[in-house]
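Values below: every heavy atom of this structure, side chains too, minus hydrogens, waters and symmetry copies. Proteins get letters first, then strands, A, B, ... in listed order; numbering begins at 1 in each.
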Protein chains: 2
Amino acid sequence: MTGGFASSDKTDLIRAERDVQERLGDLAIDLSALATISNIFRASNMARYHLERTVLADEDLSFTAFTVLWVLWVWGEQEARHLAVEAGISKGTLTGVMTTLERRGYIKRSSHPTDKRLVLVNPTKAGINVMANLFPKFNAEEARIAGGLGEDEKRVLAASLRTVLRTLEALSE
Amino acid sequence: MTGGFASSDKTDLIRAERDVQERLGDLAIDLSALATISNIFRASNMARYHLERTVLADEDLSFTAFTVLWVLWVWGEQEARHLAVEAGISKGTLTGVMTTLERRGYIKRSSHPTDKRLVLVNPTKAGINVMANLFPKFNAEEARIAGGLGEDEKRVLAASLRTVLRTLEALSE
DNA sequence: TGGCAATTGTTCGGTTCCAAACGATATTGT
DNA sequence: ACAATATCGTTTGGAACCGAACAATTGCCA
């Protein structure tokens, strides 16, 4: 039995969490859910900011532009609608990001041969070269960010996040 | 001993992770770091989007505006510079968000009595009322999002994320 | 066949976001 | 005392971001 109050060792909490416990402790608040979700936001924001300031700044790519180019690099030619889903952005946003990437010569838009509603997107040689150069640096920085965790901890963390993702998918149906 | 290749059971991975393993498996890529960090991004984006579409849409508040108001609700009066740090946004962004919140009558700006460079920010009665009504709903939705995890899993997840946050803080010094 | 519904990418309006430049104010050093 | 330096919030310019409206194209079905 490891349950009960034994686990709320405040020395491990960040300041915000301790304050919230003190100020909202009497309300019917799910503190473990609060800590879990808000720490996901915090970690995501800091990691994104960090990666943009370090590896991505070298090529002057936004995080989103990098993501879009990464999808094309890994999967190759994509229909624009799929690209938006994979990158996790709306199709309206994708239009702007594609314009930026095309202006820099990293991607190329073309029309679908049979269905003229669709737009096919391909990475150019320059785009592929940029990613081949950039992704190892990006991944090395990811490894640094996750460096405080052991191999087992990383697996457990990724698995728990997948559980959250599946819950979110189920909630949005 | 649980190490080695035994843990890479692909049935638990999401499709993107499997494809990346197949396409980049020969490169010297840290796959566990890749999965960990990218799942943090995915979970954060989906959770943010979900919360904006559900609870936050009722009061027509953006996620960032909610965060700023939440900080003021929990901690009370803040200097603008601290508010930006707590909300995780730049001071330029905060100016715009404060303008929005002030236009709606949720916050009030005032000048510091002795140091006229500083701006003090307070929540209004209306702002406090909105948060008192909104935060329980927000937290209930957080609990739903984390509902797929057991109590111990949530604690472990939050703890691992704190480790990542501390690593990121150390990296940005 | 021909009209109606569905789908796709773009455009538009409004907000969020950052870095950099700026003006106002405060602090420091000499 | 007073010039150089630092700090703070705002403004500006450009990109990202969404939902909704839109035109073009395709599919359906009577």
Inset, instruction - Just call it for A:Ser62: base, sugar-phosphate, or nothing, with non-hydrogen atoms closer than 4.0 Å on any strand. - result: sugar-phosphate
Inset, instruction - Between D:dT26, C:dC17, D:dG19, spot the one nearest the side chain of B:Ile89, thanks. - result: C:dC17
Inset, instruction - For the side chain of B:Tyr49, starting at C-beta, report the closest nucleotide among D:dC18, D:dA16, C:dA6. - result: D:dC18
Inset, instruction - Look at all strands and tell whether A:Phe63 reaches a base, only sugar-phosphate, or nothing, counting heavy atoms closer than 4.0 Å. - result: nothing
Inset, instruction - Map A:Thr114 and A:Leu94 onto DNA chain D by nearest heavy atom, then report which one ends up closer to the 5' terminus. - result: A:Leu94
Legend entry - Main-chain N/O of A:Gly150 paired to A:Glu153 side chain as donor or acceptor, under 3.5 Å: yes
Inset, instruction - Verify the contact: side-chain N or O of A:Arg48 to OP1 or OP2 of C:dC18, cut-off strictly under 4.0 Å; return yes or no. - result: no
Inset, instruction - From the options C:dA24, D:dC17, C:dT16, select the nucleotide whose nearest atom is closest to the side chain of A:Val97. - result: D:dC17
Inset, instruction - Remember a base hit wins even if backbone is also touched, and classify B:Thr64 as base, sugar-phosphate or nothing at under 4.0 Å, heavy atoms. - result: sugar-phosphate
Inset, instruction - Using the six-membered ring wherever Trp is involved, compare the ring planes of B:Phe135 and B:Phe138 and label them parallel, tilted or perpendicular (cut-offs 30° and 60°). - result: parallel
Inset, instruction - Would you classify B:Lys116 as touching base, sugar-phosphate or nothing, given that sugar-phosphate means primed atoms plus P, OP1 and OP2, and contacts are heavy atoms under 4.0 Å? - result: sugar-phosphate
Legend entry - A:Ser172 (side chain) donor-acceptor with A:Glu169 (main chain) under 3.5 angstrom: yes
Legend entry - Backbone of A:Phe41 reached by a side-chain donor or acceptor of B:Ser44 within 3.5 Å: no
Inset, instruction - Check every atom of C:dG9, C:dT27, D:dT10 against the side chain of A:Thr95 and return the nucleotide holding the closest atom. - result: C:dG9
Legend entry - B:Thr93 side chain near C:dC17 phosphate (N/O to OP1/OP2, under 4.0 Å): no
Legend entry - Which nucleotide in C:dC18, C:dT25, C:dT16 has an atom nearest any side-chain atom of A:Arg53: C:dC18
